[in-house]
Amino acid sequence: MKQRDISSFFGKA
Amino acid sequence: MFEARLVQGNLLKKVVDAVKDLVTDANFDCSSSGFTLQAMDNSHVSLVSLSLRSDGFEHFRCDRNMSMGMSLGNLAKILKCAGNDDIVTMKAADDGDTVTFMFESPKEDRVSDFELKLMDIDSEHLGIPDTDYAATVTLPAAEYQRICRDLSSIGDTVVISATKDGVKFSSSGDVGTANITVRQNTTADKKEEQVSIDLKEPVALTFALRYLNSFAKATPLASHVSLSMARDLPVMVDYQISDMGHLRFYLAPKIED
């Protein structure tokens with residue numbers, strides 16, 4: 001299974 | 001100038017102990033509204049978000065927004081020198097390169113101060129949107145810790161599925177398989193044993209147990225922990241810090257290749 005980078009779920013503040 | 005006095009000084013110790021294995025170095029951000037930290041773990045799989053509101057401190061002064069980069073390992077070493085009942089005061093000048101931690105014993109018969117060197121840390125700040133979660137389960141923090149620990153001896157990942165029957169944690173590996181289901185129990189005799197489930201729609205996600213286990217290091221901070229899940233989104237593991245704020249962890253789900 002793959003693990004996405006957490007930052008790809010949240011936009012830049 | 002930044003100055004914050006925390007009567008429950010051991011709270012800071014618990015926070016740092018909860019995140020230091022996940023995050024090596026991080027920026028603590030101070031503003032008039034409080035003391036916050038946002039950091040990803042080294043492999044960028046999880047995100048830690050700490051918020052301590054200024055009104056939770058006995059005294060809080062922050063003349064200008066500032067970001068203080070610290071090694072959490074070194075910070076933990078310093079906080080280890082504080083007595084469990086000590087009052088902790090943090091102080092930093094606007095343009096300084098150190099932060100001072102002052103520890104006062106409750107009887108006021110011992111005062112110590114430790115200076116920690118600040119570091120420049122490049123970090124990107126992420127915007128965490130308000131999410132309409134499909135399911136939120138609030139369970140005793142010790143129970144969450146036990147589930148993660150027990151399942152870790154069976155497998156590397158856990159499937160957490162929330163349905164109207166409860167929230168099931170399943171894992172499998174070379175040893176075999178394991179399923180642990182927690183059901184709503186809001187009538188438990190002791191408040192600290194209560195479990196509540198808020199389900200809007202069924203949801204099932206897979207996570208790496210290593211991270212969920214690491215989040216459980218925050219167990220001493222709160223009686224309960226909430227897990228909030230929505231399809232294809234990171235789980236939010238939320239420890240409320242009474243009268244002050246929260247320590248939240250976000251973990252990206254594992255998806256099929």
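Order of the sequence lines sets the chain letters (A, B, ...), proteins ahead of strands, with each chain counted from 1.
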Sequence neighbours left out, cut at 3.5 Å: what donor-acceptor pairs do the side chains of residues 129-137 of chain B make with other protein atoms?
| unit_1 | atom_1 | unit_2 | atom_2 | d |
| --- | --- | --- | --- | --- |
| Thr131(B) | OG1 | Pro129(B) | O | 3.3 |
| Thr136(B) | OG1 | Ser228(B) | OG | 3.0 |

Roughly how far apart are Asp257(B) CG and Lys2(A) NZ, rounded to 0.5 Å?
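The CG atom of Asp257(B) sits 6.0 Å away from the NZ atom of Lys2(A).
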Would you give the length of the straight line joining atom CD of Glu124(B) to atom OG of Ser7(A), rounded to the nearest 0.5 angstrom?
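If we round to the nearest 0.5 Å, Glu124(B):CD and Ser7(A):OG are 5.5 Å apart.
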So, for Ile6(A) and Val45(B), which heavy atoms are closest and what is the spacing to 0.1 Å?
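Shortest heavy-atom contact: CB-O, 3.3 Å.
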Of the backbone (N, CA, C, O) and the side chain (C-beta and beyond), which part of Asp232(B) lies under 4.5 Å from a heavy atom of chain A, both, or neither?
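Only the backbone of Asp232(B) comes within 4.5 Å of chain A.
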If we only count heavy atoms from C-beta on, is the Glu256(B) to Met1(A) side-chain gap below 4.5 Å?
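Yes, side chains in contact.
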Residues of residues 200-209 of chain B contacting chain A, heavy-atom criterion under 4.5 Å, by residue number
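Only Thr206(B), Ala208(B) of residues 200-209 of chain B have a heavy atom under 4.5 Å from chain A.
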Exceeds 12 heavy-atom contacts within 6.0 angstrom, atom CG of Asp150(B):
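Check passes, neighbour count above 12.
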How would you list, by chain and number, every residue that makes a ring-ring contact (aromatic ring centres under 6.0 Å, His included) with Tyr250(B), sequence neighbours excluded?
Phe10(A)
Selection residues 33-56 of chain B - residue pairs positive for ring-ring contact (aromatic ring centres under 6.0 Å, His included), sequence neighbours left out
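Passing the test, one end in residues 33-56 of chain B: Phe2(B)-Phe35(B), Phe28(B)-Phe35(B).
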